[in-house]
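Let me begin by presenting the structure, written as structure tokens, before commenting on it.
Computed from a predicted structure; not experimentally measured.
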Amino acid sequence: MFDWLQNLADWLIYSVFQIAQGSKLGDALNFFVYDTIKILILLFLITTIMGIVNSYFPVDKIRNYLSRNKLYGLEYLFASTFGAITPFCSCSSVPLFIGFVKGGIPLGVTFAFLITSPLVNEVAIAMFIGMFGLKATLIYAISGILLGTIGGIILNQLKLEKHLSPWVQGILANAKKEGDLEDEKQTFTQRLPLIFSEAWGIIKGVFWYIIIGIGIGALMHGFIPTGFFEAYISKDNPFAVPIAVILGVPMYSNAAGVLPIIQVFVQKGIPIGTAIAFMMAVVGLSIPEATLLKKVMTWKLIAIFFTVVTICIIISGYLFNIIL
């Protein structure tokens, strides 16, 4: 599909700039040019498609629907799926989490959204397709949605409402359902300019994360020897997945910044499940997110939330290693 792009990168680096093919610098620059253009193309296409979806299923309408309807357990899957189609990192998901709680949605359902939203979105999917192919992308997306669903169900069973902040508990005690928003009477053609504008806004918002992430990945690709990472987190180490997750939790980045690095991890010998588990920990759990969540949760609830999600990520990492 992208053979023409590889030929372009080869021509630009090896012919125009006359950098020796097979050299460390040449390999690094070739990787950078190829991956940057490919990811930006995929990102624009997928953000446009997801923009169309989001224009017909806005946040407020979903929130009101979830708060008004009993879905007999499917609300966790629904909220998790909605989290997957919204382009938010862990920190920007928190204001939506607060809005969901204020809307009277059960805490477990709200957690299902919060878990999945930073893990699976159009940015991650666009980059994942370009780096690991369609099969791995489908498994990644489905596992991310299931992770949010299962995590939300577990957290709901723990009856954690008492660990919400007094401010949120007051909101829950006096929650009133809002009326449905009227549908905007706009044709598809009328929606397109806003959809393209939002897609372009997303690209601008993550552009430098992509450039920096691919730049780091390119340096690792060109200058770090094959097998370097495998010596520390190899497929033969039964504790490789939890070690990778524990290392990833204190860090923070979005998918655009970390995925190019994960691609190089895999190329250098780390099993894909271990690499993806590390990515999920970096993207889905972070110190900035914990700080924002302190507005609505006690530290005990934050610790429980992080522990449950960490365990789910570790399990998914092992499953990835088995399947892929």
Side-chain angles (χ1 to χ4, degrees), residues 1-3 5-6 8-10 13 22 24-47 89 118-141 143-144 203 206-235 240-241 243-245 247-248 251-284 313 316-317 320-321 323-324:
M1 180 180 178
F2 287 99
D3 290 344
L5 183 54
Q6 184 62 69
L8 174 64
D10 292 343
I13 300 303
K24 293 180 178 179
L25 179 61
D27 287 347
L29 291 176
N30 190 288
F31 177 94
F32 180 81
V33 171
Y34 175 79
D35 263 38
T36 300
I37 298 175
K38 178 180 66 176
I39 288 170
L40 290 176
I41 291 172
L42 289 170
L43 184 56
F44 180 76
L45 291 175
I46 294 178
T47 50
C89 65
L119 292 182
V120 185
N121 53 55
E122 63 264 45
V123 176
I125 290 173
M127 297 177 70
F128 220 93
I129 291 174
M131 293 176 178
F132 301 110
L134 183 59
K135 178 184 176 181
T137 302
L138 288 174
I139 295 174
Y140 158 72
S143 67
I203 293 173
V206 302
F207 178 80
W208 289 112
Y209 288 100
I210 292 175
I211 295 300
I212 293 171
I214 296 176
I216 295 172
L219 290 173
M220 294 169 62
H221 176 82
F223 291 92
I224 294 180
T226 300
F228 177 84
F229 294 107
E230 192 172 9
Y232 300 96
I233 312 178
S234 69
K235 60 183 178 182
V241 174
I243 289 172
V245 171
L247 290 174
M251 304 180 186
Y252 173 68
S253 179
N254 58 18
V258 74
L259 265 173
I261 301 172
I262 297 305
Q263 181 186 20
V264 177
F265 278 8
V266 173
Q267 292 176 348
K268 296 297 183 181
I270 292 181
I272 188 169
T274 306
I276 292 173
F278 174 80
M279 182 204 76
M280 285 183 166
V282 171
V283 174
I313 290 175
S316 68
F320 258 113
N321 282 340
I323 296 171
L324 296 174

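Here the CE atom belonging to M127 is positioned 5.0 Å from the CG atom belonging to L259, to the nearest 0.5 angstrom. M279 CE to T274 OG1: the interatomic distance, rounded to the nearest 0.5 Å, is 13.0 Å. To the nearest 0.5 Å, the span separating CD1 on I129 from CG on L134 amounts to 6.0 Å. Interatomic distance, I272 CD1 to M131 CE, rounded to the nearest 0.5 Å: 11.5 Å. Annotation: the span from Y140 atom OH to I125 atom CD1 amounts to 7.0 Å, rounded to 0.5 Å. Annotation: the span from I276 atom CD1 to I262 atom CD1 amounts to 8.5 Å, rounded to 0.5 Å.
Looking at residues two or more places apart in sequence or on another chain, you find a side chain to side chain contact (heavy atoms under 4.5 Å, CB included) between L29 and I13, I19, L25. Contacts of D27 classified as side-chain hydrogen bond (donor to acceptor under 3.5 Å, both in side chains), with partners at least two apart in sequence or in another chain: none. For I37, the side chain to side chain contact (heavy atoms under 4.5 Å, CB included) test picks out L5, L8, V33, I41, with sequence neighbours left out.
Between F265 and F278, the ring planes are tilted. Angles from 30° to 60° get that label.
Nearest heavy atom pair, residue F320 against residue G273, reads CB-CA, 3.3 Å. Taking both residues in full, the closest heavy atoms of A218 and F31 are given as CA-CD2, 3.4 Å, listed atom of the first, atom of the second, then distance. F128 and A136 make their closest contact through CE2-O, 3.7 Å (heavy atoms, listed as atom of the first residue, atom of the second, distance). A275 and V266 get closest at one heavy-atom pair: CB-CG2, 3.9 Å. Taking every heavy atom of both residues into account, P271 and N321 meet most closely at CB-OD1, 3.3 Å. Closest heavy-atom contact between V241 and A277: CG1-CB, 4.0 Å.
The side-chain heavy atoms of D10 and Y34, taken from C-beta on, include no pair separated by under 4.5 Å.
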Under the criterion side-chain contact (heavy atoms from CB on, under 4.5 Å), I'd like the reasoning laid out for L40 against F207: C-alpha separation, chi angles, the key distance, then a yes or no.
CA-CA 8 Å; L40 290 176; F207 178 80; 4.0 Å; yes

